[in-house]
Amino acid sequence: MINLLQFMAQEAEAAPEVIENTVEEVLQEAAPISSTVTEALSNAANETIVKQTSSFVNWIKTFATWENLFKLIGSLLIILAIWIIYKLILKGIKKIPPEKATPQRMMILKRLITYTFYVAIVMYVLSLFGVKFSAIWGAAGIAGVAIGFAAQTSVSNIISGLFVLTEGALKIGDTIIVGDVTGIVDAISLLSVRVHTFDNQMVRIPNSTIINSNLTNNSYHKERRMTINVSIAYEDNMEKALEALKKAPDLCPTVLKDPAPAVWFDGFGDSGINMTVAVWFHPVDFLQTKNDLYIAIKKVLDKAKISIPYNQLDVMIKK
């Protein structure tokens, strides 16, 4: 029994050396196999790269012909010719006198020519690659229907913008009133009209709103009329008041002589006799004309000793 235990102890002490020797023998035998596999994989990868490079070079060589070279030069010359024509047309448009074309129409014309130029270039390049336009038009029609349903508001504004631009009802610099917005036009685009109010706030008005609302353009005509209502007391002389108010427009330097100012009676009111003073002026002189005319009316009535009545309340107390 003791001998058996001593034998097992000797074997246990020798086991690590045996395992170590076995592992070294396995690694030595596997080293050539691993090297062979690595070399095979490397060779396969190199062959694949060479084949792909060769295929790409051959594909390039199929295009590198004299015929294709002449086609490329001809295509570049055609594109250059279209670009030169485009620039010449834009240069010619800039020479159009302002009295023959408004800034809005000039903008429409420039954009139309620009869009036509880009479409022509794109279509020509696509034709070089053999793209069939019938398929493109079909796809464009389907896409147009889908986009139309998805962006009905934008499409409505664009269509309205075409009417706004071509109608000529307003231009940059005009003073317009749309709903509760009053301002000076800064820009007109296909989607909206941008104005700034008199307190210098920017307001963007969609074109569909302009088309569907009442638009007032205070700058559309060269002359504009202003009317101011005034009352005189029943005790005053009507003829004397009429002659006095006729002198008021002469005291305002911005009031036009043609059309001539006018003064007339406008009814009998609760507190006095109503009269109206009407004058013509240029739209840019609106504020000065209004201030000057009020001052002039008060001045001529005071000089003629014509009183302006005001509402009075008489209170009677019964005892």
Side-chain angles (χ1 to χ4, degrees), residues 169-186 193 195-203 205 209-319:
L170 69 161
K171 62 182 184 296
I172 296 175
D174 286 352
T175 301
I176 64 172
I177 302 174
V178 180
D180 57 349
V181 177
T182 301
I184 301 174
V185 178
D186 292 328
V193 172
V195 304
H196 71 273
T197 60
F198 293 116
D199 53 355
N200 207 30
Q201 292 182 334
M202 191 278 286
V203 180
I205 306 175
T209 302
I210 294 178
I211 292 296
N212 297 324
S213 304
N214 292 329
L215 168 68
T216 302
N217 189 342
N218 293 331
S219 306
Y220 187 81
H221 297 287
K222 294 181 179 179
E223 297 88 16
R224 182 181 170 188
R225 195 181 77 163
M226 177 188 297
T227 58
I228 293 180
N229 299 320
V230 61
S231 296
I232 63 172
Y234 278 102
E235 296 80 12
D236 292 329
N237 189 312
M238 295 177 63
E239 293 181 353
K240 186 177 180 181
L242 185 64
E243 293 300 323
L245 288 177
K246 287 182 178 179
K247 299 176 182 178
D250 295 334
L251 303 178
C252 305
T254 56
V255 171
L256 301 177
K257 304 299 181 181
D258 185 22
V263 180
W264 63 84
F265 291 101
D266 199 26
F268 297 101
D270 295 335
S271 301
I273 302 173
N274 299 327
M275 301 184 68
T276 299
V277 180
V279 298
W280 291 86
F281 61 97
H282 294 299
V284 294
D285 299 326
F286 170 77
L287 192 59
Q288 182 180 352
T289 303
K290 189 173 185 178
N291 290 334
D292 290 346
L293 189 57
Y294 271 105
I295 294 173
I297 289 173
K298 183 67 167 60
K299 186 179 295 184
V300 296
L301 290 179
D302 288 345
K303 186 175 181 180
K305 296 181 179 181
I306 303 294
S307 60
I308 299 176
Y310 52 89
N311 293 330
Q312 296 182 359
L313 180 64
D314 296 330
V315 179
M316 299 179 63
I317 301 176
K318 293 183 179 181
K319 294 182 179 180

> Looking only at heavy atoms, which two atoms of Gly183 and Val195 are closest? And how far apart?
Replying inline: C-CB, 4.3 Å
> For Ser307, what residues pass the side-chain hydrogen bond (donor to acceptor under 3.5 Å, both in side chains) criterion, not counting sequence neighbours?
Replying inline: Asp236
>> Which residues pass the salt bridge (Lys or Arg N to Asp or Glu O under 4.0 Å) test with Asp266, not counting sequence neighbours?
In response: none
Acceptor/donor pairs from residues 210-220 side chains to any protein atom, 3.5 angstrom cut, sequence neighbours excluded:
| unit_1 | atom_1 | unit_2 | atom_2 | d |
| --- | --- | --- | --- | --- |
| Asn212 | ND2 | Ser208 | O | 3.0 |
| Ser213 | OG | Thr209 | O | 2.8 |
| Asn217 | OD1 | Ser219 | N | 2.9 |
| Asn217 | OD1 | Tyr220 | N | 3.3 |
| Asn217 | ND2 | Ala169 | O | 2.8 |
| Asn217 | ND2 | Asp174 | OD2 | 3.0 |
| Ser219 | OG | Thr175 | N | 3.0 |

> Considering all heavy atoms of both residues, which atom of Lys171 and which atom of Val185 are nearest to each other, and what is their separation?
Replying inline: O-CB, 3.5 Å
> How would you list, by chain and number, every residue that makes a side-chain contact (heavy atoms from CB on, under 4.5 Å) with Ala296, sequence neighbours excluded?
Replying inline: Ala248, Leu251, Cys252
>> Under the rule for side-chain contact (heavy atoms from CB on, under 4.5 Å), what residues qualify as partners of Lys247, not counting sequence neighbours?
In response: Val300
>> Going by salt bridge (Lys or Arg N to Asp or Glu O under 4.0 Å), name the residues that satisfy it together with Asp302, two or more places apart in sequence or in a different chain.
In response: Lys298
>> Tell me every residue that passes side-chain hydrogen bond (donor to acceptor under 3.5 Å, both in side chains) with Asn237, counting only those two or more places apart in sequence or in another chain.
In response: none
> Looking only at heavy atoms, what is the nearest atom pair of Ser231 and Asn274, with distance?
Replying inline: OG-OD1, 2.9 Å
>> The test is side-chain contact (heavy atoms from CB on, under 4.5 Å); show your working for Val203 and Val178 and say whether it passes.
In response: CA-CA 11 Å; Val203 180; Val178 180; over 6 Å; no
>> If I compare all heavy atoms of Ile232 with all of Pro309, which pair ends up nearest, and what's the gap?
In response: C-CD, 3.5 Å
Listing, residues 278-292 side-chain donor-acceptor contacts under 3.5 Å, not counting sequence neighbours, or none:
| unit_1 | atom_1 | unit_2 | atom_2 | d |
| --- | --- | --- | --- | --- |
| His282 | ND1 | Lys222 | O | 3.2 |
| Thr289 | OG1 | Thr254 | OG1 | 2.6 |
| Thr289 | OG1 | Asp285 | O | 2.6 |
| Asn291 | ND2 | Leu287 | O | 3.4 |

> Who pairs with Asp199 by side-chain contact (heavy atoms from CB on, under 4.5 Å), at least two apart in sequence or on another chain?
Replying inline: Thr197, Gln201
